[in-house]
**Q** 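I am attaching a structure below and will ask some questions about it afterwards.
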Amino acid sequence: METTTFDTALGRFGIGWTDKGLARLLLPGDDDAVFLERLNRGGATPGDPSRDITALMDQIEDYAEGAEVSFASVSLDLAGVPEFHRRAYSLLLSVGWGETLTYGDLARQLGDVGLSRAVGQAMAANPIPLVIPCHRVLASNGKPGGFSAPGGAATKVRMLALEGVEVGAPAGQLRFGF
């Protein structure tokens with residue numbers, strides 16, 4: 001895997017890719033040493049982004065500035081990701097800009113509301129946050145629930161605010177201003 005970093009309005013992101021596609025994305029927030037260690041773990045090495053990766057970096061920069069962006073066409077490399085997680089991520093990819101759902105909603109789509117905790121574990125292990133939009137998955141009460149990225153739930157709330165979502169409103173509802 002090759003990696004690089006780039007700056008956005010939200011801070012510095014880290015990105016990792018293979019010949020198959022995007023394999024790793026780090027959100028801003030860690031100090032430099034921790035950030036680079038996480039980005040280059042498992043033998044990853046700094047590299048020069050391809051055209052596709054450069055275009056994705058541009059999309060992430062646009063997202064960080066509040067532009068509505070779809071990552072639906074991004075090729076993903078989920079090698080080594082457990083099958084259950086892949087199924088959850090596949091469903092989550094259909095949740096668009098400004099939309100939310102709950103852990104229970106996603107568990108029901110996977111066949112059993114009892115899988116809510118397993119869904120939470122899959123979200124926490126997401127190697128490609130933002131592109132696989134785990135920030136759009138909320139607790140049943142409309143609150144953010146957990147978020148494993150630096151900054152935790154505050155980062156999740158900030159990302160959702162960029163999309164016009166007021167956290168605390170029922171899942172699936174946007175802020176209407178009244």
**Q** Could you please spell out the steps behind the side-chain contact (heavy atoms from CB on, under 4.5 Å) verdict for Leu130 and Met159?
**A** CA-CA 9 Å; Leu130 178 59; Met159 292 170 71; 3.8 Å; yes
**Q** Evaluate the side-chain proximity of Thr4 to Trp17: yes if any heavy-atom separation is below 4.5 Å, no if none is.
**A** yes
**Q** Got Val165 and Val157 here, is their nearest side-chain heavy-atom distance under 4.5 Å?
**A** no
**Q** Please assess Val81 against Tyr89 for the test side-chain contact (heavy atoms from CB on, under 4.5 Å), listing each intermediate value before the final yes or no.
**A** CA-CA 10 Å; Val81 172; Tyr89 300 156; 3.8 Å; yes
**Q** Are any side-chain N or O atoms of Glu99 and backbone N or O atoms of Gly96, one a donor and one an acceptor, separated by less than 3.5 Å?
**A** yes
**Q** Can you tell me how far the CG atom of Leu76 sits from the CZ atom of Arg24, to the nearest 0.5 Å?
**A** 14.5 Å
**Q** When rounded to the nearest 0.5 angstrom, what is the spacing between OG in Ser75 and CD1 in Ile53?
**A** 8.5 Å
**Q** List the residues meeting side-chain contact (heavy atoms from CB on, under 4.5 Å) with Asp31, not counting sequence neighbours, and say none if there are none.
**A** Ala33, Val34
**Q** Within a strict 4.5 Å, meaning less than it, do heavy atoms of the Met57 and Pro49 side chains meet?
**A** yes
**Q** Show the nearest heavy-atom pair for residues Ala64 and Ala9, with the distance to one decimal.
**A** O-CB, 3.6 Å
**Q** Starting from the C-alpha separation in whole Å, work towards a yes-or-no answer on side-chain contact (heavy atoms from CB on, under 4.5 Å) for Glu2 and Asp48.
**A** CA-CA 8 Å; Glu2 294 182 86; Asp48 293 320; 5.6 Å; no
**Q** Hey, is the main chain of Val137 close enough, under 3.5 Å, to the side chain of Lys156 for a donor-acceptor pair?
**A** yes
**Q** Quick check against the 3.5 Å criterion: does Arg136 have a side-chain atom that pairs as donor or acceptor with the backbone of Leu101?
**A** no
**Q** Taking all heavy atoms of Val69 and all of Tyr63, pick out the closest pair and write down the distance.
**A** CG2-N, 3.7 Å
**Q** Could you check whether His135 and Glu163, counting side-chain N and O atoms only, form a donor-acceptor pair closer than 3.5 Å?
**A** yes
**Q** Who are the ring-ring contact (aromatic ring centres under 6.0 Å, His included) partners of Phe6, not counting sequence neighbours?
**A** Phe13
**Q** Measuring from Leu93:CG to Ile132:CD1, what's the distance to the nearest 0.5 Å?
**A** 5.5 Å
**Q** Between the side chain of Asp105 and the main-chain N/O of Thr102, is any donor-acceptor distance below 3.5 Å?
**A** yes
**Q** Please determine whether residues Val113 and Leu115 belong to a single hydrophobic cluster, defined as Ile, Leu, Val, Met, Phe, Trp and Tyr linked transitively by side-chain heavy-atom distances below 4.5 Å.
**A** no
**Q** For Asp112, I'd like to know if atom CG has over 12 heavy atoms of other residues, nucleotides or ligands within 6.0 Å.
**A** yes
**Q** Show the nearest heavy-atom pair for residues Met123 and Ala88, with the distance to one decimal.
**A** CE-CB, 4.1 Å
**Q** Identify whether Leu106 and Leu78 are in the same connected component of the hydrophobic contact network (ILVMFWY, side-chain heavy atoms under 4.5 Å).
**A** yes
**Q** Any donor-acceptor pair under 3.5 Å linking the side chain of Thr54 with the backbone of Ser50?
**A** yes
**Q** Taking all heavy atoms of Ser116 and all of Gly104, pick out the closest pair and write down the distance.
**A** OG-CA, 3.4 Å
**Q** Can you tell me if Gln59 uses its side chain to pair, donor with acceptor, with the backbone of Ser70 under 3.5 Å?
**A** yes
**Q** Evaluate the criterion side-chain contact (heavy atoms from CB on, under 4.5 Å) for residue pair Thr100 and Leu160; output intermediate values, then yes/no.
**A** CA-CA 9 Å; Thr100 61; Leu160 288 169; 4.1 Å; yes
**Q** Between Asp32 and Arg12, is the salt bridge (Lys or Arg N to Asp or Glu O under 4.0 Å) condition met? List the steps.
**A** CA-CA 10 Å; Asp32 286 344; Arg12 185 170 59 149; 2.7 Å; yes
**Q** Under the criterion side-chain contact (heavy atoms from CB on, under 4.5 Å), which of Leu92, Leu91, Leu110 is the partner of Val119?
**A** Leu110
**Q** What is the minimum heavy-atom distance between Gly16 and Thr3, and which atoms define it?
**A** CA-CG2, 4.0 Å
**Q** Report the residues that fulfil salt bridge (Lys or Arg N to Asp or Glu O under 4.0 Å) with Asp30, sequence neighbours left out, ordered by chain and then residue number.
**A** Arg38
**Q** Do you know which two heavy atoms are closest between His85 and Ala122, and how far apart they sit?
**A** CD2-CB, 3.5 Å
**Q** Is any side-chain heavy atom of Leu56 less than 4.5 Å from a side-chain heavy atom of Val131?
**A** yes
**Q** Please enumerate all residues that pass side-chain contact (heavy atoms from CB on, under 4.5 Å) together with Pro129, with sequence neighbours excluded.
**A** Leu25, Leu27, Asn126, Cys134
**Q** Run through the side-chain heavy atoms of Ile, Leu, Val, Met, Phe, Trp and Tyr, join any pair under 4.5 Å, and report what else lands in Leu36's cluster.
**A** Leu26, Phe35, Leu39
**Q** Would you please name every residue forming a side chain to side chain donor-acceptor pair (under 3.5 Å) with Arg41, sequence neighbours left out?
**A** none
